[in-house]
Amino acid sequence: MKIAVAGGTGVAGRRVVEALIAAAHEPVVLARSTGVDVLTGAGLDAALAGVDAVVDATNKMTTSRRTAVKFFETAGRNLTAAASRAGVGHFVTLSIVGIDRVDYGYYEGKLVQEKIVRESGLPYTILRATQFHEFADQVLKLTPGPVAFIPRMQSRTVAVSEVGQALAEIATSSPQRMVEIAGPQVESMLDLARRLVKARGAHRVVLPLWMPGSGAKAMASGGLLPTDPNSRRGRIGFDEWLATVGAPSAP
Ligand SMILES: NC(=O)c1ccc[n+]([C@@H]2O[C@H](COP(=O)([O-])OP(=O)(O)OC[C@H]3O[C@@H](n4cnc5c(N)ncnc54)[C@H](OP(=O)(O)O)[C@@H]3O)[C@@H](O)[C@H]2O)c1
């Protein structure tokens, strides 16, 4: 099958592309580096010609509610409209477990993205994943310098390779509306960031980031953990992932 992967150059999107190739499907990468901009719509129609399904793994790293909503609303509307014009049979969106239980600016953007897909008229699946094992590294990069600040958060972090595999399987199967995927163990994000820094032998102090409001409390007390007993479970834990990737990209 021919599957478009929007954000196919990103942390998750790359893994979807790899899994599709491994299963002898034909991925089409939609990213600015391949001449497609989901915000302006440039290149979208040409890229979606003859495509069977679309996976949306685009992202904008931000803590701003306004920026997140603007990005996911514009990208979501452009992508679903182009997918409808192209007669795509399945639209798959990568989202996050627990975003409706935790009031946080970025998650509001993700909720808008999900709503657009649900109301698009396209056959769809929303895959809600927990934070990737890579998430601690993504947050560490936001605060460079000798002291890093990490939000208090409980998460069943999951290997992004397993999320990519799940997205490739979903995109090449029948639409399922909503599916969740989570990793094998509940972890503290602060602890994961400290383990990552230690594994790198880096000289950085990792401190909890104080955040106001009910969203921060919900994050710290398990609001981002899956509640569905039937959620897909990844097999690879954080330590196994860390041993395999070898503490990538020094902070
Ligand atoms: N990180 C996590 O722990 C986690 C957990 C669960 C779910 N998710 C969700 O997974 C999705 C992907 O996250 P990620 O961390 O893999 O993202 P990422 O590494 O930041 O990659 C973002 C991708 O989006 C593309 N992109 C950004 N702006 C674009 C534009 N205007 N036009 C076309 N492409 C654009 C980028 O390509 P170019 O820059 O080349 O354009 C890149 O391929 C997000 O929606 C996120 O909410 C993430």
Side-chain angles (χ1 to χ4, degrees), residues 4-19 27-44 46-48 54-63 67-79 82 91-99 102 104-114 116-117 126-142 150-151 153-164 166-167 170 178-183 187 189 192-193 196 219 224-226 231-232 234 238 241 248-249:
V5 185
T9 56
V11 172
R14 266 199 306 265
R15 297 315 188 106
V16 183
V17 170
E18 283 167 15
V28 179
V29 174
L30 315 184
R32 285 167 295 187
S33 49
T34 61
V36 181
D37 192 323
V38 297
L39 292 181
T40 64
L44 262 181
L48 293 189
V54 173
V55 176
D56 181 4
T58 56
N59 191 30
K60 170 94 184 164
M61 273 291 255
T62 178
T63 54
T67 306
V69 169
K70 196 170 167 210
F71 178 85
F72 286 111
E73 183 165 27
T74 310
R77 286 206 193 288
N78 285 339
L79 273 168
F91 195 97
V92 183
T93 295
L94 178 54
S95 191
I96 305 173
V97 170
I99 52 173
V102 175
Y104 179 57
Y106 177 81
Y107 296 158
E108 196 167 316
K110 297 296 294 178
L111 286 169
V112 169
Q113 180 190 33
E114 287 190 357
I116 289 169
V117 176
I126 294 167
L127 176 69
R128 284 186 169 184
T130 51
Q131 289 62 45
F132 310 150
H133 296 323
E134 283 81 355
F135 184 80
D137 188 39
Q138 290 178 309
V139 182
L140 281 171
K141 281 184 181 140
L142 290 178
I150 302 289
M153 174 191 284
Q154 283 188 57
S155 174
R156 258 184 195 277
T157 59
V158 65
V160 75
S161 56
E162 293 179 310
V163 175
L167 284 167
I170 288 167
M178 182 70 85
V179 184
E180 286 189 351
I181 184 166
E187 304 274 11
M189 197 53 69
L192 296 188
L196 188 57
M219 237 181 232
L224 295 174
L225 298 175
S231 65
R232 267 176 96 128
F238 184 82
W241 167 81
S249 64

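All heavy atoms count here, side chains included; hydrogens, waters and symmetry mates do not. In each ligand, atom 1 is the first atom listed, and ligand 1 is the first ligand listed.
What you find for G234 and V158 is that their closest heavy atoms are CA-CG2, 4.4 Å. Heavy-atom minimum distance, V28 versus A47: CG1-O, 3.8 Å. Considering all non-hydrogen atoms of both residues, V139 and P151 come closest at CG1-CD, 3.9 Å.
When non-hydrogen atoms are compared, ligand 1 lies under 4.0 Å from neither the backbone nor the side chain of Y107. Looking at S95 against ligand 1, only its backbone comes within 4.0 Å, counting heavy atoms. The backbone of T130, and not its side chain, has at least one atom closer than 4.0 Å to an atom of ligand 1 (non-hydrogen atoms only; backbone = N, CA, C, O). Only the side chain of K110 comes within contact range of ligand 1, with a heavy atom under 4.0 Å; no backbone atom does. At a 4.0 Å heavy-atom cut-off, ligand 1 touches V36 through the backbone alone.
For ligand 1, the polar-atom distance check finds an N/O of N59 within less than 3.5 Å of one of the ligand's N/O atoms. Of the N or O atoms in A129, none lie within a sub-3.5 Å distance of an N or O in ligand 1. At under 3.5 Å, not a single nitrogen or oxygen of A31, backbone or side chain, sits near a nitrogen or oxygen of ligand 1. In terms of polar-atom proximity, defined here as any N/O pair under 3.5 Å, V11 does make such a contact with ligand 1. Every N/O-N/O distance between F71 and ligand 1 stays at or above 3.5 Å.
Atom 10 (O) of ligand 1 has L94 CD2, 3.1 Å as its closest protein atom, hydrogens excluded (heavy atom only). The protein non-hydrogen atom at the shortest distance from atom 42 (C) of ligand 1 is T9 OG1, 3.5 Å. Annotation: atom 32 (N) of ligand 1 to nearest protein heavy atom, V38 N, 3.0 Å. Residue, atom and distance of the protein heavy atom nearest to atom 2 (C) of ligand 1 are F132 CD1, 3.3 Å. For atom 44 (C) of ligand 1, the nearest protein heavy atom (residue, atom name, distance) is T58 O, 3.3 Å. Nearest non-hydrogen protein atom to atom 12 (C) of ligand 1 is A57 O, 3.3 Å. Looking only at protein heavy atoms, the nearest one to atom 31 (N) of ligand 1 is D37 OD1, 2.9 Å. The closest protein non-hydrogen atom to atom 23 (C) of ligand 1 is G7 CA, 3.7 Å.
Under the 3.5 Å distance criterion, with hydrogens and angles disregarded, no donor-acceptor pair is assigned to the side chains of K141 and Q138.
If you number the atoms of ligand 1 from 1 as listed, the ones under 4.0 Å from a heavy atom of A12 come out as 16 (O). Atoms of ligand 1 lying under 4.0 Å from at least one heavy atom of G10, given by number and element, are 19 (O), 21 (O), 42 (C), 43 (O). Atoms of ligand 1 found under 4.0 Å from any heavy atom of S33, numbered from 1 in the order shown, are 40 (O).
Remark: side-chain polar atoms of K110 are paired, donor with acceptor, to backbone N or O of L94 under 3.5 angstrom. Using a distance-only test at 3.5 Å, with no hydrogens or angles considered, no donor-acceptor pair links the side chain of T58 to the main chain of A6.
Residues E18 and R14 are not paired through a salt bridge, judged by the lack of any N-O separation under 4.0 Å between the basic side chain and the carboxylate. R128 and E114 are joined by a salt bridge, as a carboxylate oxygen and a charged side-chain nitrogen come within less than 4.0 angstrom of each other.
Under a cutoff of 6.0 Å and an axis angle of 45°, K60 and F72 do not form a cation-pi pair.
Comparing Q131, R15, R32 by heavy-atom distance to atom 26 (N) of ligand 1, the nearest is R32.
Using a non-hydrogen distance threshold of 4.0 Å, Q138 registers as a contact of ligand 1.
Counting only heavy atoms from C-beta outward, the side chains of Q131 and I96 approach each other to under 4.5 Å.
Applying the salt bridge (charged side-chain N to carboxylate O under 4.0 Å, His left out) criterion to R32, with sequence neighbours excluded, gives no partner residue. Considering only residues two or more places apart in sequence or on other chains, E134 meets the side-chain hydrogen bond (donor to acceptor under 3.5 Å, both in side chains) condition with W241.
If you take CZ on F71 and CE on M61, they are separated by 12.5 Å, rounding to the nearest 0.5 Å.
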